[in-house]
Amino acid sequence: PMLLRHPSGKSVVDDAYNAATADQRAAMAAEFYGRQFTLFEGSAPESLAAVLAASDAVQQRQVIQQLTRNLLPIMEKGILDPVLSHRLIAEYLAEAPVSAVEDA
């Protein structure tokens, strides 16, 4: 998540995302959902919806809060060019509670 926040790093992330397989893209996105999705090898969750469906209410709130913390600096800096940014913002708007979106 840190590299996508940097104006020069966004190009590297975008190139890597565009060249990645579907599983690799899912893994890149999962890093924004929280550390628990990056510590273990294996298949990453395919989307935010899949993560939330497999989580209880407390975990859902934690995932949304983590995604909010990761996305806010990106949106504040206007680093919206990378496809990964588009994906994460679209997932956030589709899955986050209205109150979380309004607060962000």
Side-chain angles (χ1 to χ4, degrees):
M2 299 298 289
L3 193 56
L4 193 57
R5 296 178 188 179
H6 193 277
S8 298
K10 70 178 183 173
S11 300
V12 175
V13 173
D14 199 36
D15 289 344
Y17 188 80
N18 289 330
T21 65
D23 289 339
Q24 291 168 333
R25 288 179 181 196
M28 290 175 75
E31 290 184 23
F32 287 82
Y33 307 151
R35 289 186 179 163
Q36 66 269 31
F37 301 104
T38 60
L39 296 177
F40 303 105
E41 290 190 28
S43 62
E46 65 182 55
S47 67
L48 179 60
V51 169
L52 297 178
S55 303
D56 62 30
V58 173
Q59 291 171 328
Q60 289 176 356
R61 188 171 45 256
Q62 291 172 342
V63 169
I64 293 296
Q65 288 173 346
Q66 183 63 40
L67 185 56
T68 302
R69 281 192 294 272
N70 285 325
L71 284 178
L72 277 178
I74 293 168
M75 291 187 288
E76 288 172 351
K77 291 181 179 181
I79 303 175
L80 304 174
D81 303 354
V83 178
L84 180 56
S85 295
H86 288 241
R87 173 188 173 161
L88 293 167
I89 292 168
E91 287 183 342
Y92 180 77
L93 292 174
E95 300 297 333
V98 174
S99 60
V101 174
E102 288 174 350
D103 291 342

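Residue numbers start at 1 and run along the sequence shown.
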Of all heavy-atom pairs between [X] and [Y], which one has the smallest distance, and what is that distance?
| X | Y | answer |
| --- | --- | --- |
| Pro45 | Phe37 | CG-CD2, 3.9 Å |
| Ala27 | Ala44 | CA-CB, 3.6 Å |
| Leu80 | His86 | O-NE2, 2.7 Å |

Kindly write out the residues that satisfy salt bridge (charged side-chain N to carboxylate O under 4.0 Å, His left out) with Glu95, not counting sequence neighbours, or none if the list is empty.
->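 Partners of Glu95 by the salt bridge (charged side-chain N to carboxylate O under 4.0 Å, His left out) criterion come out as none, since no residue qualifies.
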In the structure I gave you, are the side-chain heavy atoms of [X] and [Y] within less than 4.5 Å of one another anywhere?
| X | Y | answer |
| --- | --- | --- |
| Leu52 | Ile64 | yes |
| Phe32 | Leu48 | no |
| Met75 | Tyr92 | no |
| Pro82 | Val13 | no |
| Val12 | His6 | no |

Which pairs count as side chain to side chain donor-acceptor pair (under 3.5 Å) when at least one residue sits in residues 9-19, sequence neighbours excluded?
->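 Qualifying pairs: Lys10-Asp81, Tyr17-Arg87.
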Which residue pairs satisfy the side chain to side chain donor-acceptor pair (under 3.5 Å) criterion with at least one member in residues 50-63, sequence neighbours excluded?
->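 Non-adjacent pairs meeting side chain to side chain donor-acceptor pair (under 3.5 Å): zero.
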How far does [atom1] of [X] sit from [atom2] of [Y], to the nearest 0.5 angstrom?
| X | Y | atom1 | atom2 | value |
| --- | --- | --- | --- | --- |
| Thr68 | Leu72 | OG1 | CG | 6.5 Å |
| Leu67 | Glu31 | CG | CD | 13.0 Å |
| Glu76 | Arg5 | CD | CZ | 10.0 Å |

Donor-acceptor pair, side chain of Ser85 and main chain of Ile79, under 3.5 angstrom |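 Side chain of Ser85 to backbone of Ile79: a pair is present.
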Check step by step if side chain to side chain contact (heavy atoms under 4.5 Å, CB included) holds for Asn70 and Leu4.
-> CA-CA 10 Å; Asn70 285 325; Leu4 193 57; over 6 Å; no
More than 12 non-hydrogen atoms from neighbouring residues, nucleotides or ligands closer than 6.0 Å to CD on Glu46, yes or no?
->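 Not more than 12 within 6.0 Å, no.
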